[in-house]
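Before any comments, here is the structure.
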Amino acid sequence: MTTREHDTSVYEQVQASSEFQELKRRFRAWTFPMTVAFLAWYLLYVVLSAWARDFMGIKLLGNINVALVFGLLQFVSTFWIAWAYARHAEKKLDPIADKLRHEVEEKTQ
């Protein structure tokens, strides 16, 4: 058995494991809904900017209008999602990923 065949079988074993499947499930359960929510929020901003110009042009404070606030909130939501994902990964994904990494390292040495 060559090293390449040995490594492939180790990775295939890990991929078939229940821990790896749980890791994928947790990742997808957070990532897919958050991606859909962010894209919907971004699409709302684009649609309002294109077809609700009167609404987006409402002045809130001085020269600051609704469009500017929504645009800045796009940046805020992006940073919030990155922060929330980091917390999610640290609590829910990293422990399983670390365990799997150690198992693979032990089997490949």
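What you are looking at is a predicted structure, and each value in this text was computed from that prediction instead of being measured. We're numbering straight along the sequence, starting at 1.
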Next item on the list: Could you check whether the rings of Tyr42 and Phe38 sit parallel, tilted or perpendicular, using 30° and 60° as the cut-offs?
Entry: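 Geometry flag for Phe38 against Tyr42: parallel rings.
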Please report the shortest heavy-atom distance between [X] and [Y], naming the atom on each side.
X     : Y     : answer
Trp41 : Phe70 : CZ2-O, 3.9 Å
Leu93 : Leu23 : O-CD1, 3.5 Å
Lys92 : Arg26 : O-NH1, 2.9 Å
Ala89 : Pro95 : O-CD, 4.3 Å
Leu48 : Met56 : O-CG, 3.3 Å

Next item on the list: State whether the side chain of Gln21 and the backbone N or O of Gln15 hold a donor-acceptor pair below 3.5 Å, judged by distance alone.
Entry: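 Yes; at least one donor-acceptor contact below 3.5 Å.
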Check: Short question: side chain of Ser77, backbone of Gln74 - any donor-acceptor pair under 3.5 Å?
Finding: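 Yes.
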Check: Checking salt bridge (charged side-chain N to carboxylate O under 4.0 Å, His left out) for the pair Arg25/Glu22: CA distance, chi angles, key distance, verdict?
Finding: CA-CA 5 Å; Arg25 186 196 66 74; Glu22 178 64 16; 2.7 Å; yes
Answer with yes or no whether the hydrophobic clustering places [X] together with [Y]; edges join I, L, V, M, F, W, Y residues whose side-chain heavy atoms lie under 4.5 Å apart.
X     : Y     : result
Leu72 : Leu60 : yes
Leu68 : Leu61 : no
Trp83 : Phe27 : yes

Minimum side-chain heavy-atom gap [X]-[Y] below 4.5 Å:
X      : Y     : answer
Tyr45  : Leu73 : no
Arg101 : Asp98 : yes
His88  : Met34 : no

Next item on the list: Sequence neighbours left out, what passes side chain to side chain donor-acceptor pair (under 3.5 Å) with Trp30? Give chain and number order.
Entry: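 Testing Trp30 for side chain to side chain donor-acceptor pair (under 3.5 Å), a comparison that skips the adjacent residues, returns none.
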Margin query: According to salt bridge (charged side-chain N to carboxylate O under 4.0 Å, His left out), does anything in residues 49-66 pair up with another residue at least two apart or in another chain? List the pairs.
Written below: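 Listed by first then second residue: nothing to list.
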Next item on the list: Hey, could you give me the CZ/CG distance between Phe55 and Asn65, rounded to the nearest 0.5 Å?
Entry: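 Taking CZ in Phe55 and CG in Asn65, the distance rounds to 10.0 Å.
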Item checked: From CD (Glu106) to NE2 (His102), nearest 0.5 Å ->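 Output value for this atom pair is 8.5 Å.
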Note to self: Val104 vs Lys107, test: side-chain contact (heavy atoms from CB on, under 4.5 Å). Steps then yes/no.
What the structure shows: CA-CA 5 Å; Val104 168; Lys107 290 179 182 179; 5.9 Å; no
